[in-house]
Colleague: 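Quick one: the structure is below, questions incoming.
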Amino acid sequence: MLIITTNVFAAPTNTVITSGIYDTQLDVAAIGAPNAFGYNGNWEIIKKPPLYDVDENIIAYCYDMKNVSYNNHDDYKTAYVVINATN
């Protein structure tokens, strides 16, 4: 098993993406990630705080999402997807 780690931290953000509006290809990849792993539904990105390295460069985004396929808004599923922002 190979595990690679790096020092990162999240900064608070008020970024909210309404369902169906995606700013980047990273957003499109994030919205499809839960379905790719068998967690089917219609996912909405709630926020995407950036993750920084020790030099304060953005290296990834942590997408906080909820499944809006449920009728009862109190009974929805959540997902968190981290996508690298660098090559």
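All residue numbers in this chain count up from 1 along the given sequence. In what follows, every heavy atom counts, from backbone to side chain, and hydrogens, waters and symmetry copies are set aside.
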Colleague: To the nearest 0.5 Å, how far apart are CG in Asp55 and CG in Asn57?
Modeller: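 Rounded to the nearest 0.5 Å, the CG-CG separation comes out at 5.5 Å.
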Colleague: Atom OH in Tyr39, atom CE in Met65: separation rounded to 0.5 Å?
Modeller: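 Taking OH in Tyr39 and CE in Met65, the distance rounds to 12.0 Å.
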Colleague: Using the rule that Ile, Leu, Val, Met, Phe, Trp and Tyr join whenever any side-chain heavy atoms are under 4.5 Å apart, tell me whether Tyr80 and Val28 fall into a single cluster.
Modeller: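 Tyr80 and Val28: separate clusters.
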Colleague: Quick one: pull up OG1 in Thr78 and NZ in Lys66 and give me the separation to the nearest 0.5 Å.
Modeller: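 Interatomic distance, Thr78 OG1 to Lys66 NZ, rounded to 0.5 Å: 10.5 Å.
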Colleague: Side chain to side chain donor-acceptor pair (under 3.5 Å) with Asn84: which residues, sequence neighbours excluded?
Modeller: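 So Asn84 forms a side chain to side chain donor-acceptor pair (under 3.5 Å) with Thr86.
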Colleague: Report yes if some heavy atom in the side chain of Asp27 is under 4.5 Å from a heavy atom in the side chain of Lys48; otherwise report no.
Modeller: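 In contact.
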Colleague: In chain order, what residues pass the side chain to side chain contact (heavy atoms under 4.5 Å, CB included) check against Ala33, with sequence neighbours excluded?
Modeller: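 With sequence neighbours excluded, Ala33 shows a side chain to side chain contact (heavy atoms under 4.5 Å, CB included) to Val81, given in chain and number order.
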Colleague: Of the non-hydrogen atoms in Asn35 and Gly41, which two are nearest, and what is the gap between them?
Modeller: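 Minimum heavy-atom contact is OD1-N, 3.0 Å.
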Colleague: Tell me, please, which residues at least two apart from Ala85 pass side chain to side chain contact (heavy atoms under 4.5 Å, CB included).
Modeller: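 Ala85 satisfies side chain to side chain contact (heavy atoms under 4.5 Å, CB included) with Leu26, Ile58, Tyr61 once adjacent residues are dropped.
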Colleague: Can you list the residues that meet the side chain to side chain donor-acceptor pair (under 3.5 Å) rule with Asn40, with sequence neighbours excluded?
Modeller: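 Here no residue qualifies.
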Colleague: Carefully, step by step, assess Ile45 and Ile31 under the rule side-chain contact (heavy atoms from CB on, under 4.5 Å).
Modeller: CA-CA 7 Å; Ile45 298 170; Ile31 207 74; 3.6 Å; yes
Colleague: Measure the shortest side-chain to side-chain distance between Val68 and Trp43 over non-hydrogen atoms and say whether it is less than 4.5 angstrom.
Modeller: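 A side-chain contact under 4.5 Å is absent here.
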Colleague: Should Leu51 and Pro49 count as side-chain neighbours, where that means a heavy-atom distance under 4.5 Å?
Modeller: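 They are not in side-chain contact.
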